[in-house]
Amino acid sequence: MLVPYIVVLGGILLSKIPLAAALRKISNDAHLFEYETIQLTNGELTKVAHSKSVGTLVFGFGGTNAKTASKPRTRCKTYPGDLAWPSEPIWDLFDDLLGGALIKTTPEASLCYPEWGRYSANECEELTRTWNNSTLRIEDPTSIRSILFQGMTCMPPNYTARFLGRPVNCSVGGFPEYSVKVTNVGQIQLAVNIARNHNIRLVIKNTGHDFGAKSTGKGAINIWTHHLKDAIFYKKYKAHGYNGPAFKFGAGIQVNEAYRLAKKHNVTVVGGEGKSVGFIGGYIQGGGHSPLTSIYGMAADQVLSIQAVTADGRFVTADAKRNSELFWALRGGGAGTFGVVTSMVVKVFPRLRTTTLTYNMTSGGNFTKEKLWAAQRAYIDGFEKYADLGYYSYYRIRHVSGQLYHDMTSMVAPNTTEAQFRASMAPLWTKWEEIGVPFAPVIREVDNFSDAWELAFPHEVWTWAMRQASRFLPRNILADPQKRAAMVDALKSVSDEGANLILFNMRNPPGSAQIDNAVNPAWRDIVGFAIMFVTWNLTDPEPYVTQLSRNLTYEWNPRWKALTPGSGTYMSESDYIEPNWQESFHGAKYPRLLSIKQKWDPEDVFYATNAVGSEKWQLSEEVMGHFPSQNSKLCLK
Ligand SMILES: Cc1cc2nc3c(=O)[nH]c(=O)nc-3n(C[C@H](O)[C@H](O)[C@H](O)COP(=O)(O)OP(=O)(O)OC[C@H]3O[C@@H](n4cnc5c(N)ncnc54)[C@H](O)[C@@H]3O)c2cc1C
Ligand SMILES: *[C@@H]1O[C@H](CO)[C@@H](O)[C@H](O)[C@H]1NC(C)=O
Ligand SMILES: *[C@@H]1O[C@H](CO)[C@@H](O)[C@H](O)[C@H]1NC(C)=O
Ligand SMILES: *[C@@H]1O[C@H](CO)[C@@H](O)[C@H](O)[C@H]1NC(C)=O
Ligand SMILES: *[C@@H]1O[C@H](CO)[C@@H](O)[C@H](O)[C@H]1NC(C)=O
Ligand SMILES: *[C@@H]1O[C@H](CO)[C@@H](O)[C@H](O)[C@H]1NC(C)=O
Ligand SMILES: *[C@@H]1O[C@H](CO)[C@@H](O)[C@H](O)[C@H]1NC(C)=O
Ligand SMILES: *[C@@H]1O[C@H](CO)[C@@H](O)[C@H](O)[C@H]1NC(C)=O
Ligand SMILES: *[C@@H]1O[C@H](CO)[C@@H](O)[C@H](O)[C@H]1NC(C)=O
Ligand SMILES: *[C@@H]1O[C@H](CO)[C@@H](O)[C@H](O)[C@H]1NC(C)=O
Ligand SMILES: *[C@@H]1O[C@H](CO)[C@@H](O)[C@H](O)[C@H]1NC(C)=O
Ligand SMILES: *[C@@H]1O[C@H](CO)[C@@H](O)[C@H](O)[C@H]1NC(C)=O
C-alpha cells in the first residue's frame, strides 16, 4: 500500500511548505518547556501536501491502540536502495516540515579524504589532534565514542586500525543516513513518524558517549537532542507526595551544566562523574550512578515526571499517575527503547559539604606489584564501611610501561568534613604505611558538591581502541572474608593476565530496593562495581586483538560472574556482547520491561543493541568476527 504510493509521489513536484503549516504551538499546561509546546497535530498534517493522504501516510501518527498495531512489514529495516526508501522529494518535504533541520551525514573525518570534496590538511591535523576530546565530538550530529562497533568506517587516517584489514578510506558506513537537529517536539514527532511509517531504523544521539554504540546505526534517521538545553528550577515542586526543590532539565542538558545550575540555586543534584555525559538520555534512563549514590541512590530514583514522544509519535507525560508503566520503564530500563524523552523533572537536595581525595601510585622498586595488591586488599576490606559512611570512589589500576599505575580519580565523602574523613580513613592509611605504600593524598573540603566535583574530576577523553566488561560486587560477597579474598584474587587474576581495571566503591542507601522503578535490582545490594578493559594499538595484528577481546568476554568476566551468582552488571558500562544480558542488566524485572516494550512499541520503532526487546533482531554482519556491526542491516532473526 505504502510503497507504490511513495514511488508515485517521487514524480510529483512538491511545493515548499513552511514549518508553521505542520507544527502548531499549543497552549502550555504550566510545566512544558517552550520547545515542548511546538507540536505536530493530526489536523495540521492534512495540510502538508497537495493530497491529504501524503501527509498522513508519510508523517501520520501510529495506531491509537498500540496493542493492535501491525507487526513490522518486512524482515529487515528499510535501507537506501530499497523500494520503500523515501524518494528525494520526500526527504526535501521532510526537511521543509522540519524547518531546515535535516542534516545528511558527512562523517567528521571526511575532511581528511579528498574524494569527499571538503579536504583540508590543516583541519585534518587539528581533528586528529583533538579526536579524543569529547566536548568537540559532541558538537557533531553523528560522532560517537564507541566507533569500533560502528565499523570505524571514517577515522582520521592516522587512527585507521590496520587490524580491520581495510584500506584507509572513509564512508558513512554505520553512521545514520540523516540527522534531525531538533529544537522542538514537533520535529521529533515528524522523525519518529516517518521512520515508523517506512520501517526505517531510528536512533537518538544526545552526546554519543554510549559504550555500546547505541547512538548510531547504518541507514538510520538520527534524532539529535543536544540542542534541547532548557532548564527550570522549582523552589517547591509538588507532585505525588513530593513537595520540595526540583529541576526540569531538557534532553540536551549535560552533567556539567546540571551541576552548574545546582550550584547557582544552592542545591545538589544527583548526576554522574563524567563531565560531558548527557543527563536525561542514556545516563538517567539506564539508572545513572553518581558520586552521591551511596547517600541518595541512583539518578533514576530522583525522577518525578517525564515528557516523551512515544513510538506512535504522540507526546505524553509519564509520571506516577499518568502512563505509569512507561514512567516505571524509563527510570532504569534503558534509553533508546521506550520513547524519545524531551525533559525530566528530578528532585534535588540541599547544598552539601563534600570532601574529596585524589592520589596515584605506581609499582616499581621496593613497591612491588604484590605490595600494590596488598594495599588493594586492605582497601577493599573496608568497602562496606566506606559505602555505609556514604562515600564513593572511582579508581583505576592500569598497565603502564610494565608497571601497575593506580590512580584514585576521586574518592568522594559527601556531608563529611576533612577531619571526619581523615579519622574514618586513618586505620587504612596506617596499614598502608606498614605495607610501604607511596601515598601522597590530595584532600579538599568544599562547601558545595558542585565545586567539589569540578575540582576533583578531570574532563573525560574518548578512547576507542579498547573495550570492556563488568560486574557488580555484591555486599554479601565482600562481607564474607573468604569470598572477599576470592573476589580480590579474581580481580587480580585478570589484571595479571593483561586487563586494566576500573573500580567503584558505592552502595545504594537503605530502602532503595523498595523504590518501584526499572533500576536493575542487583544495584540495590552492591558495595562495589568492577570494570575490566583491554586496549590495543592500531598496529596490533588482528588475531591478537581478537583473542584479547574474546578473553574479556569468555575467559575473564566469567571468573567474576562465577563468584557473584544472582548479581548482575550495569547496562551502561558493560560488555557489548554480554552473554545473557537480559539477566545481567535487568534481573527479575526483565519480563515486565519486555511486556511494556511490546505494548508501547509493538513495531520496534526503537532498537538499540542489547536493549529490551532487541533479541528479536540481528545485525547482519560482524566486526572482527564477534561484534554485531552497526555498519550492517538490521533484520528480524
Ligand atoms: C567518560 C564517561 C563517563 C561516564 N560516567 C558515568 C557515570 O558517572 N555514571 C553513570 O551512570 N554512567 C556514566 N557513563 C555511562 C553513561 O551513562 C552512558 O554512556 C550513557 O549511555 C550516556 O548517555 P548519553 O545520552 O550522554 O549518550 P548517547 O550515546 O548520546 O546516548 C546513549 C543512549 O541513550 C539514548 N538516548 C539519548 N538521549 C535520549 C532521549 N532523550 N530519549 C531516549 N533515549 C535517549 C540513545 O539512543 C542511546 O541509546 C559514562 C560514560 C563515559 C563515556
Ligand atoms: C600522522 O602520522 C604521521 C607519521 O606518524 C605524522 O607525521 C603526522 O603528523 C600525523 N598526522 C596528523 C594529522 O597527526
Ligand atoms: C588525546 O590525544 C592527544 C593527541 O593525540 C594526546 O596528546 C593525549 O594524550 C590524549 N589524551 C589521552 C588522555 O589519551
Ligand atoms: C576540548 O575542547 C574544548 C573546546 O574547544 C576545550 O575547551 C577543552 O579545553 C578541550 N579539552 C582538552 C582536554 O583538550
Ligand atoms: C573502502 O574500502 C573497501 C574495501 O576495499 C571498499 O569496499 C569500499 O568501497 C571503500 N569505500 C570507499 C568510500 O572508497
Ligand atoms: C544554601 O543552602 C544552605 C544549606 O541548605 C543554607 O544553609 C544556606 O543558607 C543557603 N544559602 C543561600 C544563599 O540560600
Ligand atoms: C600523581 O600524584 C602526584 C602527587 O599528588 C601529582 O603531583 C601528580 O600530578 C599526579 N599524577 C597524575 C598523572 O595525576
Ligand atoms: C548530614 O549530616 C548531618 C549531621 O551529621 C545529618 O544530620 C544529616 O542527616 C546528613 N545529611 C545527609 C543527606 O546525609
Ligand atoms: C623504598 O625505597 C625508597 C627509596 O627508593 C625508600 O625511601 C623507602 O624507605 C623504601 N621503603 C621500604 C619499605 O623499604
Ligand atoms: C562552593 O564552594 C566553593 C569552594 O569552597 C566556594 O568558593 C563557593 O563560594 C561555593 N559556592 C556556593 C554557591 O556555595
Ligand atoms: C603496539 O603494542 C605492541 C604490544 O602489544 C607493542 O609491541 C608495539 O610496540 C606497540 N606499537 C606501538 C606503535 O605502540
Ligand atoms: C587469552 O587468554 C589465554 C588463557 O587465559 C592466554 O593464554 C592468552 O595469552 C590470552 N591472550 C590475550 C591476547 O590476552
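All ligand and atom numbering here is 1-based and tracks the order in the structure. These numbers were taken from a predicted model, which means no experiment stands behind them.
Ring pair Phe529/Tyr570 is perpendicular by interplanar angle, where above 60° counts as perpendicular and below 30° as parallel. Relative ring orientation between His31 and Tyr237 is described as tilted, the plane-to-plane angle lying within the 30° to 60° band. In this pair, Phe33 and Tyr35 present their aromatic rings tilted. The plane angle is within the 30 to 60° band.
You'll find the ring centres of Tyr259 and Phe449 inside the 6.0 Å limit.
Of all protein heavy atoms, the one lying nearest to atom 41 (N) of ligand 1 is Val341 O, 2.9 Å. For atom 29 (O) of ligand 1, the nearest protein heavy atom (residue, atom name, distance) is Ser215 OG, 2.7 Å. For atom 8 (O) of ligand 1, the closest non-hydrogen atom on the protein side is Glu273 N, 2.8 Å. Counting only heavy atoms of the protein, atom 3 (C) of ligand 4 lies nearest to Asn133 ND2, 3.6 Å. Nearest protein heavy-atom neighbour of atom 13 (C) of ligand 1: Glu573 OE2, 3.5 Å. Looking at atom 51 (C) of ligand 1, its nearest protein heavy atom turns out to be Phe211 CE1, 3.3 Å. Considering only non-hydrogen protein atoms, atom 16 (C) of ligand 1 sits nearest to Val277 CG1, 4.2 Å. Of all protein heavy atoms, the one closest to atom 17 (O) of ligand 1 is Tyr283 CA, 3.5 Å. Counting only heavy atoms of the protein, atom 19 (O) of ligand 1 lies nearest to Asp210 CA, 3.4 Å.
Thr609 and Tyr607 share a side-chain donor-acceptor pair at under 3.5 Å. In this structure, a donor-acceptor pair under 3.5 Å is present between the side chains of Ser470 and Thr569. For the residue pair Ser343 and Glu36, a side-chain donor N or O sits within less than 3.5 Å of a side-chain acceptor on the partner. No side-chain donor-acceptor contact under 3.5 Å links Glu108 and Trp131. For the 3.5 Å distance criterion, the side chains of Asn448 and Arg351 fail to qualify, holding no donor opposite an acceptor. If you check the side chains of Gln150 and Thr216, you find no donor sitting under 3.5 Å from an acceptor. In the model, Ser276 has a side-chain atom that pairs as donor or acceptor with a side-chain atom of Ser134 under 3.5 Å. No hydrogens or angles considered: nothing links the side chains of Thr416 and Tyr391 as a donor-acceptor pair under 3.5 Å.
In Gln285, the part holding a heavy atom less than 4.0 Å from any atom of ligand 1 is the side chain. Under 4.0 Å from ligand 1, heavy atoms of His209 appear from its side chain as well as its backbone.
With a 6.0 Å radius and a threshold of 12 heavy atoms from other residues, nucleotides or ligands, Lys385 has its NZ atom above the threshold.
Close approach to Gly288 involves these atoms of ligand 1, each under 4.0 Å from a residue heavy atom: 11 (O).
Note on ligand 1: Val340 sits in its first shell, one or more heavy atoms being nearer than 4.0 Å. Ligand 8 does not have Phe349 within reach: every non-hydrogen atom of the residue lies 4.0 Å or more from it. Close to ligand 1: Tyr570, with a non-hydrogen atom less than 4.0 angstrom away. The closest approach between any non-hydrogen atom of Val203 and ligand 1 is not below 4.0 Å. Residue Gly286 places every heavy atom at 4.0 Å or more from ligand 1.
Put simply, atom 7 (O) of ligand 8 has no protein non-hydrogen atoms near it, under 4.0 Å away. At a distance under 4.0 Å, a protein heavy atom can be found next to atom 14 (O) of ligand 4.
The shortest N or O to N or O distance between Tyr392 and ligand 1 is not under 3.5 Å. At least one N or O atom of Asn415 sits closer than 3.5 Å to an N or O atom of ligand 8. Any N or O atom pair closer than 3.5 Å counts here, and Gly278 shares at least one such pair with ligand 1. Ligand 1 has an N or O atom lying under 3.5 Å from an N or O atom of Thr207, backbone or side chain.
Relative to atom 25 (O) of ligand 1, the option among Gly282, Ala251, Gly274, Gly252 with the closest non-hydrogen atom is Gly282. In this comparison of His289, Lys205, Glu460, the heavy atom closest to atom 9 (N) of ligand 1 sits on His289. In the candidate list Ile204, Ile284, Ile138, Ile204 is nearest to atom 45 (C) of ligand 1, counting heavy atoms. For atom 5 (O) of ligand 4, the nearest non-hydrogen atom from the set Thr130, Asn132, Leu136 belongs to Leu136. Considering Gly287, Gly281, Gly339, Ala608 only, the shortest heavy-atom separation from atom 43 (C) of ligand 1 involves Gly339.
The cationic atom of Lys77 (NZ for Lys, CZ for Arg) lies less than 6.0 Å from the six-membered ring centre of Trp617 and within 45° of the ring axis. A cation-pi arrangement is absent between Lys275 and Phe457, since the terminal nitrogen or guanidinium carbon is not both under 6.0 Å from the aromatic centre and inside a 45° cone about the axis.
For the pair Lys205 and Asp210, the minimum side-chain heavy-atom distance is 4.5 Å or more.
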